[in-house]
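Structure record follows, encoded as structure tokens.
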Number of protein chains: 2
Amino acid sequence: MNPCTFFKCLADDTRLKSLLLIAKTGEACVCDLMEALELDQPKTSRHLAQLRKCGILLDERRGKWVFYRLHPELPPWARNVIVEAAENNSLYFSDALNKLMASQSSTLNCC
Amino acid sequence: MNPCTFFKCLADDTRLKSLLLIAKTGEACVCDLMEALELDQPKTSRHLAQLRKCGILLDERRGKWVFYRLHPELPPWARNVIVEAAENNSLYFSDALNKLMASQSSTLNCC
DNA sequence: ATTACATATGCGATATTTCACATATGTAAA
DNA sequence: TTTACATATGTGAAATATCGCATATGTAAT
């Protein structure tokens, strides 16, 4: 994991918020993320794909849905960076986090 | 310190290596950094200026030279990110670090 | 005041990233 | 097997970042 490549992955609002949301909640599917972040589907998917290709996220398909979580083999220092960023910038993504947790706990939710 | 802005600052080879070198050595002047990184002067100065304007680095002039160090008011989480990256990616900037330490300890050095 | 050296910045050219739209793929229910 | 839904990706346009060169500013010695 080249550190410059790693930081490039965090250097975008969509990707960073997606990562912080996933770090906080453990995992999330694409449809919940796009609603929480108020983004269209291709944009959400593209950024998640970039994080997956860099080895930061791991995807798992369950039926129609694809869930993303932090890659278990992510180097500890890199995981710490994400977790520390999440713990110290709650205001940056609290709106999205509230929406995401509402979706995830709702029985009306798609997945 | 918006976290996305912060990570954008780390998402470039010149800036990231400069930061890791400064984190390791405490401080460095522009001329030593440009030699350690084998860059021209305007490029080195430009990237340092960006880090200064974002509040990551603090500059201090001493005679003809300008020394940069991590800004003392940098939020602890952000400082930790830089320090952790430095501690866990030595191979990424070891060449530059060796050159920088050689310059800084040499009596032949300009500053 | 002039010169030499260290650092900073204006600016157009180039490279890289991101976006928006269309479309493709994958899954499951009817 | 048709349909609906979820996700992924091809592609060119737009936005953004970086570079290279020239030049400006700041400091100290002569």
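Order of the sequence lines sets the chain letters (A, B, ...), proteins ahead of strands, with each chain counted from 1. Computed over heavy atoms, backbone and side chain alike; hydrogens, waters and symmetry mates excluded.
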- Round to the nearest Å and state the distance from A/L39 atom CG to C/dA20 atom P. 10 Å

- What nucleotide, of C/dT18, C/dG10, C/dT7, holds the atom closest to the side chain of B/R46? C/dG10

- With the side chain of B/C31 defined as its heavy atoms from C-beta on, choose the nearest nucleotide among D/dT9, D/dC5, C/dT7. C/dT7

- Task: Work out which heavy atom in A/T44 is nearest to a heavy atom in A/L33; give both atom names and the distance.
- Result: CG2-CB, 4.2 Å

- Query: Salt bridge between B/E27 and B/R62, side-chain N to carboxylate O under 4.0 Å?
  - Reply: yes

- Task: Take atom CG of A/D59 and atom C1' of C/dT27, then tell me their distance rounded to the nearest Å.
- Result: 15 Å

- Salt bridge between B/K24 and B/E87, side-chain N to carboxylate O under 4.0 Å? no

- Start at the 5' end of DNA chain C and walk down; is the nucleotide closest to B/L48 or to A/A11 reached first? B/L48

- Query: D/dC21 C1' sits how many Å from B/D40 CG, rounded?
  - Reply: 10 Å

- Query: Quick one: A/R61 CZ to D/dC5 C1', roughly how many Å, whole number?
  - Reply: 11 Å

- Looking only at side-chain atoms of A/K53, point me to the closest of C/dC19, D/dT7, D/dT9. D/dT9

- Query: Has A/H47 got a side-chain N or O lying under 4.0 Å from the OP1 or OP2 atom of C/dT17?
  - Reply: no

- Between D/dG20 atom P and B/M34 atom CE, what is the distance in whole Å? 13 Å

- Integer-rounded Å distance: C/dC19 P and A/Q41 CD: 14 Å

- Name the residue closer to the 5' end of DNA chain D, choosing between A/K8 and A/F67 according to the nucleotide with the nearest heavy atom. A/F67

- Taking NZ, NE, NH1 and NH2 as the nitrogens, is one of them in A/R69 or A/E60 under 4.0 Å from a carboxylate oxygen of the other? yes

- Against the side chain of B/D12, the closest entry in C/dT7, D/dT18, C/dT9 is D/dT18

- Between A/M1 and A/F6, which heavy-atom pair has the shortest distance, and what is it? SD-CB, 3.7 Å

- Item | Single hit among A/L51, A/L48, A/L10 for side chain to side chain contact (heavy atoms under 4.5 Å, CB included) with A/R15 | A/L51

- What integer distance in Å separates A/L57:CG from D/dA8:P? 11 Å

- Item | Sugar-phosphate only, base, or nothing, as touched by B/K43 at under 4.0 Å among non-hydrogen atoms | sugar-phosphate

- Query: Touch check for A/Y68, heavy atoms < 4.0 angstrom, all strands: base, sugar-phosphate only, or nothing?
  - Reply: sugar-phosphate

- Query: Taking the side chain of A/R15 as heavy atoms from C-beta outward, which of D/dT27, C/dT18, D/dA6 is closest to it?
  - Reply: C/dT18

- Task: Could you check how far CG of A/D13 sits from P of C/dC19, rounded to whole Å?
- Result: 9 Å

- Report the nucleotide, chosen from D/dT9, C/dT9, D/dA6, that has the shortest atom-to-atom distance to any side-chain atom of A/S45. D/dT9

- By nearest-heavy-atom nucleotide on DNA chain D, the more 5' of B/Q50 and B/P42 is B/Q50

- Name the nucleic acid region contacted by A/R52, choosing base, sugar-phosphate or nothing; use a 4.0 angstrom heavy-atom cut-off, strictly under. sugar-phosphate

